[in-house]
**Student:** 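Below: one structure in C-alpha cells.
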Amino acid sequence: MSVLIAVTALPCGLVIGLLLGALGGGGSVLAVPALVYLLGQSPHEATAGALVVVTVGAVTGLVCHARAGRVRWAAGAAFGALGTAGSYLGSRWSAALDPTVLMAAFAGLMLVVAAMLLVRGLRAAREADGTGLPGAPGAVPDAVAAGPLGDSRGAASSVSPAPTRPVRVAATASAVGLLTGFFGVGGGFVVVPALTLVLGLEMPVAIGTSLLVILINSLTALGTRAGTGTLDWPLLAGFAACAAVGSNLGNRLTSRLRPQALTTAFAGLVTVLAVAMAAVAVPHLWAP
C-alpha cells in the first residue's frame, strides 16, 4: 500500500464513520464508491473489502448493545442462520457478475437508501411536530452506524408483536442475506425494519439484534469470497479503524446538530453519488 493511498484511505474511513455515527443509517453504502473511485479498487475487491468494514462495525456495536441487554441472541442467530443461504448465493452471484453491471446495480441500491433516508427524515419531522406516529420503522443503523458506543440515539419505540410466520421469516432473512452478500453492505436499513415487522421486536432491541444478523451474514459472505481474490488488508484495517473512530465522533455530534438536516444532506450526497456512478456505468452496459 503506497503512502498516497494510505493518506487517502484514512480520511475516507473517518468521514464515512463520521456520517454513520451522526446520521444513524445507510452510511456504509459509501464504502464501495470510496474504495473504487478514490482508492483504486476493482468493484469486486471493493464489495469484498466493504464486508471487512461491516464486520468490524458489527462486532464493536454488538458488544455495546449486548452490555445494555438489547440483543436477542436466539432470534438473531436464527434469523442470521436463515440468511446464510442468501448471503452465499449473493456472494457467488456478485463475484461472477460483470463489474460494470455490479456498479450500475450498486447505484440503484444507493438511490433506494437515499429515498429511505428522506422518508425517515420526514417521518422524524412529523413526529417532532406531533403529527406522526412514533415508532414506525424506517431507515435505520447499519453495522458500523451503531458505533463503538452502541448508541441507539433515542429510537426507543415499541412495536406491537406480530404473529410469526415461518415462511415469511425465512424469505425475509434470505433476502437480507442476499443483499449483504451481493453488495457488501451491512443492510441495517433493511434488517431492523424486518426484525420489527416480522419478529415484532421493539426498536432498540431490533437495532442491537440486527448487528448479530449482519455479523453472521457478513462472515458468511467473506467466507464465500475467500480464495476468489486478494484483499489489501493493511488498507482495509486502516479504513475500518478510522470508520470506527469517526462513528464515535459522529455519535457525539448528534447532540449538537439537527438530525433531520443531516439526514437530508446525506441523502442528497448519496443521490449525487448514485447518479454519478450510474452515468459512468450505465452507458457501458450497451457498449459493443
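On a predicted model such as this, the values are computed, not experimentally measured, just so you know.
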**Student:** At their closest point, which heavy atom of A278 faces which heavy atom of P283, and how far apart are they?
**Tutor:** O-CD, 3.7 Å

**Student:** Are V272 and L111 connected, step by step, through hydrophobic side chains (Ile, Leu, Val, Met, Phe, Trp, Tyr) whose heavy atoms are closer than 4.5 Å?
**Tutor:** no

**Student:** S87 pairs by side chain to side chain contact (heavy atoms under 4.5 Å, CB included) with which of L178, V176, N217, I216?
**Tutor:** N217

**Student:** Any chance you could measure H65, atom NE2, to S210, atom OG, to the nearest 0.5 Å?
**Tutor:** 7.0 Å

**Student:** Calculate, to the nearest 0.5 Å, the distance between atoms OG1 and CG belonging to T172 and L82 respectively.
**Tutor:** 10.0 Å

**Student:** What's the shortest heavy-atom distance between V205 and R72, and which atoms?
**Tutor:** CG1-CG, 3.4 Å

**Student:** Is a side-chain N or O of S218 found less than 3.5 angstrom from the main chain of L215, in a donor-acceptor match?
**Tutor:** no

**Student:** Quick one: CZ on F239 to CG on L14, what's the gap to the nearest 0.5 Å?
**Tutor:** 10.5 Å

**Student:** Search all heavy atoms of V36 against all heavy atoms of P43 and return the closest pair with its distance.
**Tutor:** CG2-CA, 4.0 Å

**Student:** Ignoring hydrogens, what is the shortest heavy-atom contact between G208 and V71? Give both atom names and the distance.
**Tutor:** O-CG2, 3.8 Å

**Student:** Say whether W93 and F106 are linked into one hydrophobic cluster, either directly or through other cluster members, by side-chain heavy-atom distances under 4.5 angstrom.
**Tutor:** yes

**Student:** Treating Ile, Leu, Val, Met, Phe, Trp and Tyr as nodes and any side-chain heavy-atom pair under 4.5 angstrom as an edge, say whether L35 and W233 lie in one connected cluster.
**Tutor:** yes

**Student:** Please answer: with hydrophobic residues joined when any side-chain heavy atoms are less than 4.5 Å apart, are V63 and W73 in the same cluster?
**Tutor:** no

**Student:** To the nearest 0.5 Å, how far apart are CD1 in I214 and OG1 in T209?
**Tutor:** 11.0 Å

**Student:** Taking all atoms of both residues into account, what is the closest heavy-atom pair of L222 and V52, and its distance?
**Tutor:** CD2-CG2, 4.0 Å

**Student:** Could you grab the distance from atom CG of L39 to atom CD of E45, nearest 0.5 Å is fine?
**Tutor:** 11.5 Å

**Student:** Would you mind telling me which of L89, T47, L97 makes a side chain to side chain contact (heavy atoms under 4.5 Å, CB included) with F182?
**Tutor:** L97

**Student:** Once rounded to the nearest 0.5 Å, what's the spacing between atom OG1 of T220 and atom OH of Y88?
**Tutor:** 11.5 Å

